[in-house]
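Residue numbers start at 1 and run along the sequence shown.
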Amino acid sequence: MNDCRTLLVVDDDPLILQCMQLCLPEPDYRVVTAVTAAKGLELFREMDPDAVLLDIQLPDQSGLALIHEFREMDRRVPVILMTGHGTAETAITAISGGAFEYVTKPFEPDAILPLIDSALETSRMARRPAELPTDSGQPPNRSEKTAADLILGSCPAMVDVFRSIGRVASRDAAVLILGETGTGKEVVARAIYQHSQRHDQVFHAINCAAIPEALLESELFGHERGSFTGADQRRIGKFEICNGGTLFLDEIGDMTPVMQTKLLRVLQEKEFERVGGSKPIKTDVRILAATNRDLESAMADGSFRSDLFYRLNEFTIELPPLRDRGEDVARMAKHFFSLFAEQLGKDLFSIAPETMQRLEAHSWPGNVRELQGIVKQTLLKASGPVIVPAFLPSGFGDSANLGNEVEISNGWETELAEETNRRLALGSFTVSEDIHSAVDRILIREVMKATGNNLSEASLRLGISRPTLRSRMKHLRFTPE
């Protein structure tokens with residue numbers, strides 16, 4: 001069974017409907033269409049879509065009115081509004097009315113597809129249950145295994161995590177989630193949200209490491225028209241959109257000092273100003289934050305503000321690395337083999353003991369995310385119902401003794417140092433962003449090449465979501481070869 005996402009498109013322009021069906025093909029997407037508001041409302045009730053693309057001008061009703069009806073049924077479904085007659089005031093009305101984003105016609109498919117992916121990802125995080133295991137540590141019995149993302153485990157450290165989620169979910173406190181890359185910080189954040197008193201309100205997530213500082217400020221706080229080059233209309237930020245809901249700040253440890261200061265002010269005063277604006281805007285948002293960085297070391301070297309740490313650290317949940325979770329590795333491997341075999345249409349009877357020994361002996365530097373990737377690759381390679389070691393990916397286990405630190409060769413180190421010094425000599429004030437962009441470009445190029453330009457596989461191997469990968473590619477103006 002594929003993890004297909006449903007997009008409802010409501011527009012009386014047949015070209016738009018046909019374009020979306022061609023650009024979002026099955027089995028990854030399911031596009032359902034309506035040419036009237038009445039039909040769109042009917043399909044919303046029947047199909048329970050993951051996201052909606054909605055025209056403002058419809059034959060029988062305004063899209064601005066229709067979005068209110070959608071939100072009465074489920075305000076967690078992101079709605080992207082579009083119009084051929086957009087104004088700044090229309091945009092503000094649309095976003096204030098609960099729209100996820102606003103676009104004007106005509107638009108290029110390459111411009112709107114990342115936005116649709118982002119809306120679908122937001123819907124997944126808000127609406128797909130993040131379930132805890134039963135008391136025995138086993139997944140709950142479900143008729144539809146793909147309906148939930150499970151937080152599995154029965155080792156003492158994971159039992160503490162489950163208790164912590166139970167203690168803090170219903171309290172309106174900020175939560176800091178710590179753990180290595182791939183340990184499941186996002187799923188824990190979703191579990192907290194879904195068990196909170198704000199579970200029926202909006203939930204948005206932002207990867208602070210994936211967005212440059214100038215864009216991140218606008219993403220969080222919005223901006224006024226003309227506040228900077230390219231700001232051709234007012235934009236509403238996530239703190240305004242999420243008022244009454246929950247905002248998940250992933251990779252908070254990578255936020256720049258300037259942005260840390262601005263975030264601290266919002267958390268302390270419960271208000272902010274849009275970029276280029278002067279009017280204070282009140283906000284009531286619950287903050288969940290996560291990072292794989294050692295924040296105590298970051299505070300010691302001055303790269304992370306201690307006052308922001310204490311503001312975020314009203315409650316802390318620390319996720320253990322997979323290599324320290326003992327028998328959880330076997331339990332999770334069995335679950336993922338069963339789950340992905342069903343999704344991929346594979347017959348699976350058992351896992352050979354030798355295969356399980358190889359899995360348990362691995363150091364798992366990529367943690368749960370790496371385990372999921374290995375299971376999928378193994379199933380795709382498997383030619384029989386018993387998973388034997390020969391089906392494991394080539395080279396699996398060769399990195400068993402490697403930690404999470406990446407060693408850079410002398411050639412690379414010299415090249416990066418020379419480029420840094422060259423930019424310093426030219427008087428650049430964006431050295432860090434320039435160098436990170438150069439490394440990102442090379443990294444994405446090589447991973448896309450290795451995966452045959454498959455976005456889903458590349459995002460899995462990079463350890464980031466598909467919308468984040470699309471966003472980075474767009475920022476870097478990277479086009480696959």
Side-chain contact, heavy-atom cut-off 4.5 Å: [X] with [Y]?
{"X": "E101", "Y": "P78", "answer": "no"}
{"X": "L64", "Y": "L81", "answer": "yes"}
{"X": "F100", "Y": "S118", "answer": "yes"}
{"X": "L54", "Y": "I80", "answer": "no"}
{"X": "F315", "Y": "L176", "answer": "no"}
{"X": "I151", "Y": "V188", "answer": "yes"}
{"X": "P320", "Y": "V161", "answer": "yes"}
{"X": "K105", "Y": "D55", "answer": "yes"}

Looking only at atom types and distance, does a side-chain atom of [X] sit under 3.5 Å from a main-chain N or O of [Y], one as donor and one as acceptor?
{"X": "H195", "Y": "A191", "value": "yes"}
{"X": "E224", "Y": "S278", "value": "no"}
{"X": "S123", "Y": "L120", "value": "no"}
{"X": "N367", "Y": "L322", "value": "yes"}
{"X": "R286", "Y": "A174", "value": "no"}

Practice problem: Please lay out, stage by stage, how N292 and K185 fare under the test side chain to side chain contact (heavy atoms under 4.5 Å, CB included). | Solution: CA-CA 9 Å; N292 59 7; K185 297 186 291 295; 4.3 Å; yes

To the nearest 0.5 Å, what is the distance between [atom1] ([X]) and [atom2] ([Y])?
{"X": "I317", "Y": "R163", "atom1": "CD1", "atom2": "CZ", "result": "13.5 Å"}
{"X": "L263", "Y": "C208", "atom1": "CG", "atom2": "SG", "result": "8.0 Å"}
{"X": "S164", "Y": "I192", "atom1": "OG", "atom2": "CD1", "result": "9.0 Å"}
{"X": "L295", "Y": "L312", "atom1": "CG", "atom2": "CG", "result": "8.5 Å"}
{"X": "R235", "Y": "S227", "atom1": "CZ", "atom2": "OG", "result": "11.5 Å"}
{"X": "L220", "Y": "L215", "atom1": "CG", "atom2": "CG", "result": "11.0 Å"}

Sequence neighbours excluded, which residues qualify as side chain to side chain donor-acceptor pair (under 3.5 Å) partners of [X]?
{"X": "S218", "answer": "H223"}
{"X": "D160", "answer": "none"}
{"X": "K282", "answer": "E271"}
{"X": "D172", "answer": "R198"}

Quiz item: What residues form a salt bridge (Lys or Arg N to Asp or Glu O under 4.0 Å) with K376, not counting sequence neighbours?
Solution: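 With sequence neighbours excluded, K376 shows a salt bridge (Lys or Arg N to Asp or Glu O under 4.0 Å) to no residue whatsoever.
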
Quiz item: How would you list, by chain and number, every residue that makes a salt bridge (Lys or Arg N to Asp or Glu O under 4.0 Å) with E217, sequence neighbours excluded?
Solution: K262

Would you mind writing out the side-chain donor-acceptor pairs for residues 245-257 within the sub-3.5 Å range, not counting sequence neighbours?
unit_1	atom_1	unit_2	atom_2	d
T256	OG1	E213	OE1	2.6
T256	OG1	M259	N	3.4

Using 4.0 Å as the upper bound for N to carboxylate O, is an ion pair formed by [Y] and [X]?
{"X": "E180", "Y": "R369", "result": "no"}
{"X": "R30", "Y": "E26", "result": "no"}
{"X": "R128", "Y": "D50", "result": "no"}
{"X": "E240", "Y": "R274", "result": "yes"}

Self-check item: Passing candidate, side chain to side chain contact (heavy atoms under 4.5 Å, CB included) with M82, options D13, L53, V10
Solution: L53

Practice problem: Report the residues that fulfil side chain to side chain contact (heavy atoms under 4.5 Å, CB included) with T283, sequence neighbours left out, ordered by chain and then residue number. | Solution: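 With sequence neighbours excluded, T283 shows a side chain to side chain contact (heavy atoms under 4.5 Å, CB included) to F239, N243, V266, F272, V285, given in chain and number order.
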
Exercise. Determine whether more than 12 heavy atoms belonging to other residues, nucleotides or ligands lie under 6.0 Å from atom CD of Q18.
Key: no

Quiz item: Can you tell me if CZ on R265 sees more than 12 non-hydrogen neighbours from other groups inside 6.0 Å?
Solution: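 Yes - once you tally the heavy atoms of other residues, nucleotides and ligands closer than 6.0 Å, there are more than 12.
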
Self-check item: Residues V9, V31; criterion side chain to side chain contact (heavy atoms under 4.5 Å, CB included); working and verdict
Solution: CA-CA 7 Å; V9 185; V31 177; 3.8 Å; yes

Exercise. Begin with the C-alpha distance, continue with both residues' side-chain angles, and end with the deciding distance and a verdict on side chain to side chain contact (heavy atoms under 4.5 Å, CB included) for I56 and Y102.
Key: CA-CA 10 Å; I56 285 182; Y102 171 93; 4.0 Å; yes

If you take all heavy atoms of [X] and [Y], which pair is closest and at what distance?
{"X": "T291", "Y": "R293", "result": "OG1-N, 3.0 Å"}
{"X": "H199", "Y": "Y193", "result": "O-OH, 3.0 Å"}
{"X": "F70", "Y": "V79", "result": "CD1-CG2, 4.3 Å"}
{"X": "Q194", "Y": "A126", "result": "NE2-O, 3.4 Å"}

Could you pull out all donor-acceptor pairs under 3.5 Å where a side-chain atom in residues 33-46 meets a protein atom, sequence neighbours excluded?
unit_1	atom_1	unit_2	atom_2	d
T36	OG1	K39	N	3.1
K39	NZ	E42	OE2	3.4

Self-check item: Residue pairs, two or more places apart or on separate chains, that pass salt bridge (charged side-chain N to carboxylate O under 4.0 Å, His left out) and touch residues 298-316
Solution: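 Every salt bridge (charged side-chain N to carboxylate O under 4.0 Å, His left out) pair that includes a residue of residues 298-316, provided the two are not neighbours, is R305-D307.
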
Report all side-chain donor-acceptor pairs from residues 106-117 shorter than 3.5 Å, counting only partners two or more places apart or in another chain.
unit_1	atom_1	unit_2	atom_2	d
D117	OD1	Y29	OH	2.7
D117	OD2	R470	NE	2.4
D117	OD2	R470	NH2	3.3

Exercise. For residues 63-78, pull every pair meeting side chain to side chain donor-acceptor pair (under 3.5 Å), keeping only residues two or more places apart or in separate chains.
Key: Q61-E69, D74-R76, D74-R127

Practice problem: Show your reasoning for whether side chain to side chain contact (heavy atoms under 4.5 Å, CB included) applies to D12 and L17. | Solution: CA-CA 8 Å; D12 60 347; L17 304 182; over 6 Å; no

